[in-house]
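Please read the structure below before turning to the comments.
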Protein chains: 12
Amino acid sequence: MKILVINGPNLNLLGKREKNVYGARTLKEINKKMLRVAGEKNAELDFFQSNHEGEIVDKLGAADKSYNAVVINPAAYTHTSVAIRDAVAALDIPVIEVHISNIYKREEFRHKSLIAPVAQGQVSGFGEYSYILGLLAAIHTAGNK
Amino acid sequence: MKILVINGPNLNLLGKREKNVYGARTLKEINKKMLRVAGEKNAELDFFQSNHEGEIVDKLGAADKSYNAVVINPAAYTHTSVAIRDAVAALDIPVIEVHISNIYKREEFRHKSLIAPVAQGQVSGFGEYSYILGLLAAIHTAGNK
Amino acid sequence: MKILVINGPNLNLLGKREKNVYGARTLKEINKKMLRVAGEKNAELDFFQSNHEGEIVDKLGAADKSYNAVVINPAAYTHTSVAIRDAVAALDIPVIEVHISNIYKREEFRHKSLIAPVAQGQVSGFGEYSYILGLLAAIHTAGNK
Amino acid sequence: MKILVINGPNLNLLGKREKNVYGARTLKEINKKMLRVAGEKNAELDFFQSNHEGEIVDKLGAADKSYNAVVINPAAYTHTSVAIRDAVAALDIPVIEVHISNIYKREEFRHKSLIAPVAQGQVSGFGEYSYILGLLAAIHTAGNK
Amino acid sequence: MKILVINGPNLNLLGKREKNVYGARTLKEINKKMLRVAGEKNAELDFFQSNHEGEIVDKLGAADKSYNAVVINPAAYTHTSVAIRDAVAALDIPVIEVHISNIYKREEFRHKSLIAPVAQGQVSGFGEYSYILGLLAAIHTAGNK
Amino acid sequence: MKILVINGPNLNLLGKREKNVYGARTLKEINKKMLRVAGEKNAELDFFQSNHEGEIVDKLGAADKSYNAVVINPAAYTHTSVAIRDAVAALDIPVIEVHISNIYKREEFRHKSLIAPVAQGQVSGFGEYSYILGLLAAIHTAGNK
Amino acid sequence: MKILVINGPNLNLLGKREKNVYGARTLKEINKKMLRVAGEKNAELDFFQSNHEGEIVDKLGAADKSYNAVVINPAAYTHTSVAIRDAVAALDIPVIEVHISNIYKREEFRHKSLIAPVAQGQVSGFGEYSYILGLLAAIHTAGNK
Amino acid sequence: MKILVINGPNLNLLGKREKNVYGARTLKEINKKMLRVAGEKNAELDFFQSNHEGEIVDKLGAADKSYNAVVINPAAYTHTSVAIRDAVAALDIPVIEVHISNIYKREEFRHKSLIAPVAQGQVSGFGEYSYILGLLAAIHTAGNK
Amino acid sequence: MKILVINGPNLNLLGKREKNVYGARTLKEINKKMLRVAGEKNAELDFFQSNHEGEIVDKLGAADKSYNAVVINPAAYTHTSVAIRDAVAALDIPVIEVHISNIYKREEFRHKSLIAPVAQGQVSGFGEYSYILGLLAAIHTAGNK
Amino acid sequence: MKILVINGPNLNLLGKREKNVYGARTLKEINKKMLRVAGEKNAELDFFQSNHEGEIVDKLGAADKSYNAVVINPAAYTHTSVAIRDAVAALDIPVIEVHISNIYKREEFRHKSLIAPVAQGQVSGFGEYSYILGLLAAIHTAGNK
Amino acid sequence: MKILVINGPNLNLLGKREKNVYGARTLKEINKKMLRVAGEKNAELDFFQSNHEGEIVDKLGAADKSYNAVVINPAAYTHTSVAIRDAVAALDIPVIEVHISNIYKREEFRHKSLIAPVAQGQVSGFGEYSYILGLLAAIHTAGNK
Amino acid sequence: MKILVINGPNLNLLGKREKNVYGARTLKEINKKMLRVAGEKNAELDFFQSNHEGEIVDKLGAADKSYNAVVINPAAYTHTSVAIRDAVAALDIPVIEVHISNIYKREEFRHKSLIAPVAQGQVSGFGEYSYILGLLAAIHTAGNK
């Protein structure tokens, strides 16, 4: 089983800025934790981070040739990108949406996800542990297909 | 570690009606699965189901004397109960909101959760497996407090 | 043929208060009239009134084991209860929604029924006679199934 | 007792098109059924169908000289015609609004009736049987005046 | 100088129904009053009443060959007819919109006139005297062209 | 008969600025025209102009001791002043609202008048002649009381 | 004079949780203070607290047989319960709505009270002293009837 | 192949008024151009223009007995007629919606077409050439059925 | 203790107009009643009434040099004055908002108070007695500071 | 004559996924069809596809040096890109917007095109044939300039 | 060059209250700073502060006789005064709108400026330095006219 | 002191297209003017222009290592980019938003800036001089930190 993990804009700054909102852990450290859990479940992971909407669309467009599932934190594009939504909808493999913070506790415009209605499901608000739960959900859902 | 699992209105019918939406598993069978996972993590579980908003408020009002965390599927009350929201906000222990179906794929009025802004986080859309992920999130969050 | 008649909150006050809106007839007198019509059509009736949302959900949850149809006046819960809506949607037997007053002539927030989209149909505005029409509709629909 | 039955735009096509929504019965067959019920209650019926908003306004404008009540299915004009609403409001005899389908189960723009707040009451969702119930309501209401 | 006076749907019922809203005067009596005022100002009047949106559009479409101005009470079509609005906008002669009642005191949906933005001006709320003021405005405006 | 004519903010600039919108006539010239018409009808006029909301409220508050009617062009306060609205509503004499330009042809925020629902009626869009029509309406309405 | 004091959901937790919002005083202590003030005014008090919407509706439904007025803090049901609103509207005795916190300083959804339009009046924002003011208002209003 | 071309209200005025918006060509001249293109494609055309909503509904109601497709410019009814929408939806042959001007460049209320969601497709903004494109689309679509 | 009592626009008319809404008591009589209650509590009162938004802002701007609290009935400015809101927010002493009528029973635009979110609390709906309750609230709150 | 054909995000997947929505034809095949039609009209075509908003803005920014017209299917960016809208508005050559599916039949957020108000015109809903119609429109419009 | 500087309601309190929002500098000190900058640019300044909307309208109404530009901080009237907006729109000299705080970071109702669409431009969020930037903008714009 | 100047999509076209809206000056010429002003204040400038949202996010993500402040004209992304907003919010150095045109005078959708609530302040409407004012604001704010 092979899973693609996509991180959207500004997440390269994790652990460096606004630590009170997003926690002190860097993206690299989170990825390491995910690899450990994936190992226990015999799953392989590929990581991709980009600030460019188009690159994420490119990546998703090519995903179902090589992966069984996608875990994605679309960050700011969650609320504005119809293009990523369409790319997710075009995939035949399950896509799991994750968020570090509880988006329903934040500004009004972050309460609405364009991705959620086309994703398999959503995990939100458990800090870095949201990625672990999202990964487990991906493995579970892909395994049951 | 002791965790309270609350199920809201009509969930006593799980596995008996509308199986295409909610799956074929009964609440009893889901509870059994949760107990197995809780056992592996050395956590105890108590289960409570009610169709009455007031009873759920009563239960939550007494919860932080005896529990380390709550996992709740508020079902229909997710979208209408300010009373349950206030009861959740009054608790000092983490409350995890779970949904069997992806509520963002359903009718407009189910897209807005009154509980989410005061919960720790939300898991939605993974069928009965949402309960397992919610339980793991509860154990993880309560363990880190 | 057996039909369950459910009356929601404050309808126990019928004929006692606000007679200009709801008429001078008590619920008991209306029930007697319904029994007479049911008798002519060889249908049996059970009556249930409650001010508690949860009790109505309980009652509906158990209804399709024993009844061929339900006639319900959800009163105030018409506009606020997603829980009753879900309980109605989960039933395999026809549910007929009735209102004594014409809800479209009253305050704005009474114009929207959460129950209507999942009910078989709606009868509104004919005073106590709405119950008779609702009963006829229930017998007719259940008879054609 | 004399009752006018008005059918709005496209209802001349009943039983010919979109049978899955409106049923297989033609307007003529429905009218025959109504006549039978009216006969039992010693009521006379006149039928009028038009696709023209203005003609329906004309008809309603002249109705209370000759009729004791009106049963109307305004079809598409339910949602757009202030002119028909005003004509109904100007009548001193009861007007009963009926709909074949449950309008609250259909597109958003069909949920709002301009006629309902000025009609005596509304019957919606029982197929051709909505006409029979509407007729009974008309006879009952006119008889009590 | 020749002026066309157009009355929309249900105004044929003036003085016969809902006298508390529209006054006790019939359209015929109002027309007679208008003729007297027109006479003093050496203006001729033609009257036209119709419940049909299309007929009013036809009439307006032909108006600027024979008239110097139009006085129109579009009644219910005030709020729904883009066709009459377009017909008014296509005219080169001034069109004066009049209303017997104060439309801003009535239901919400009567507050918005589709005709007002393309008319010369609007007179509303003076009972039958609104027609006299509208007529004076028409004569004055046409005389200044 | 005695009538008070009130002009709101910026109308002291009439005939001096934005002549393409409001015409070339000064307020003084318009007042002279109104006096001539009032003379023919044996009515006396008092004029009051102010840019101050509070002063207009003061004036209206004292008006029904000395006047039979009020003609008011509330200008910008038309759309924002609940205080003037309340002062108008408190008067027992008829208040006529006039506007030089057609307010429904202008910016969106000018389409809504707070005064209209409590005024006797409204005249809008006939340039300076709106004042003459408003005066006639005031004399007519006050004379019929 | 006899007055019923009703407290809605979660108010049994007063003085135990979220003290920064609701103050440090328990419901029992507040009740004692109310009794003292009532004593000075020769009024008797009965207290009722419930987390159940239906129980509050039951209580109100029976209130006007035994009481001269009601003081109610509907808490979360303020914003969601049409059933309690209907029960209040059905009473012939004055009902006074009180709130400990200033509900207009809190979340958007707490700004709208369904109860206020059918209550005698509202007191909000003075901490526990809101109950004393509400009690005085009840005694004053009931005494003047 | 036989195609019906329907033109809605005010289009009889094409080439006569508001030429800057709708062009200088009359409807007759446009029809001649359409006939030439139809001739090349071996298609026959019938033309129908009406200012009456009801007549257009009638025409559409009878269309699929005699035609392979419909090209319609509903003009003002585009935005207001649920009746025409329903008539279009009831047809089994393709209906092509055309507009001379770009309706999305015009007033807000012209941006929403009630017809578009039930038409085969829409062509808007190419002046008289919109008719030619609409005709080609009609022939193409009907030919592929 | 010294308290400032401010009354907004049109309240100088109390007891003279619209007595059915605002009662028969004049402002002078209400002030006398307030003085009596203030005397019992050893508080001094100053009264200020103005129809001018700017004067009320001036008065509030100078208030905290000389007073311990303010009782204000902003009347119409309740719903429109951001300037008074800002002046209230700038004060360090408690400000109590009072209303004679129950503003939630009146027109829609009176349901929203701009002052409430920055005031200490609000009393509404008890007629002239609202002033007494507001005064008690002011003395209580200022005494506890 | 030289025309630029731009395809937005995910259109590289045409004919590979969601064939029920977008048809079975690949972008390459569609381009070939367009070339054939262009050949008959003596027009040259250049093709450009990108998932990147910025690249499409770059391309449009340079377009009017080398092309007579642009045919663009902005796909998901239709609804979110003000940047592409501004780039289109800045061009002096006609831009034709095309859509394979009928965007007005799909989700609410796809009904609003940001591009349409600045484009020459729009063709929507004819499957791959939309491109052919768009091309004909481009050639026709550019030829008439 | 002569420039008028207008300050709206509550700005006389600058430096005295809510220093965390508006800074510690008084209006007098800010004016002194502006005079120094104006001196360097050979411009003269006049200052005007008022809490009265009408006085500001008066001042603006007379401004273009004596000044080359206006710098205005309308404070609370920014969001409510159509009268000030109209006065600004009537001026032929440039008007620059300035705000001390960033109004887009504050309450929702402060995000919308009625003045901005008729002003030359807006400067917001730089504390007292906003006045200096506004002054420079005024000198620059007036100098280029 | 070192300042980064960022220009968003289509601004590379400045001085080449739509000169009536954006002026005749090219971006290069504006940059030269900024350099001159920066020189006088001993500040260094770096310039960056891109049509790509992701590149602007990248640039901002790396900005606070090397700069004291940022001046940004986000152009079309002002209204659509949550990603740029998040990147601005993550910076510890002041960010100044500038606009050439007065965005509040343009289309409705340009009135709302997503960037403004997280920027230090905004300058809008002074043509190319907006950049000079923004630069002065940046130097001033960064100098005071």
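Naming: A, B, ... by sequence-line order, numbering from 1 per chain. All values derive from a computational prediction rather than experimental measurement. The figures that follow rest on heavy atoms only: side chains count, while hydrogens, waters and symmetry mates do not.
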Between [X] and [Y] (side chain of the first, backbone of the second, donor and acceptor by atom type, cut-off under 3.5 Å), is there such a pair?
X: N68(B); Y: K2(B); result: yes
X: T78(B); Y: A75(B); result: yes
X: Y77(A); Y: N51(A); result: yes

Report task. Examine whether an atom of H111(B) lies under 4.5 Å from a heavy atom of chain A, and if so say whether it belongs to the side chain, the backbone or both; otherwise answer neither. Result ->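 Contact with chain A involves the side chain of H111(B) alone.
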Query raised in the report: Can you say whether I96(A) sits under 4.5 Å from chain B via the side chain, the backbone, both, or neither, judging by heavy atoms?
Result: side chain
Query - Check against side-chain contact (heavy atoms from CB on, under 4.5 Å), L35(B) and F47(B) - result: CA-CA 10 Å; L35(B) 281 169; F47(B) 296 103; 3.9 Å; yes
Report task. Enter the distance from I103(B):CD1 to K112(B):NZ here, rounded to the nearest 0.5 Å. Result ->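 I103(B) atom CD1 to K112(B) atom NZ measures 11.0 Å (nearest 0.5 Å).
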Query raised in the report: According to the interplanar angle, ranging from 0 to 90°, do the rings of H79(A) and F109(A) count as parallel (below 30°), tilted (30 to 60°) or perpendicular (above 60°)?
Result: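 Judged by the thresholds at 30° and 60°, the geometry between H79(A) and F109(A) is perpendicular.
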Query raised in the report: Taking non-hydrogen atoms and a cut-off under 4.5 angstrom, which of residues 115-134 of chain B neighbour chain A?
Result: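 So far as heavy atoms go, A116(B), P117(B), V118(B), A119(B), Q120(B), G121(B), Q122(B), V123(B), S124(B), G125(B), F126(B), Y129(B), L133(B) are the residues that approach chain A to under 4.5 Å.
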Report task. Determine whether N42(A) and E44(A) make a side-chain contact, defined as any pair of heavy atoms from C-beta on separated by less than 4.5 Å. Result -> no
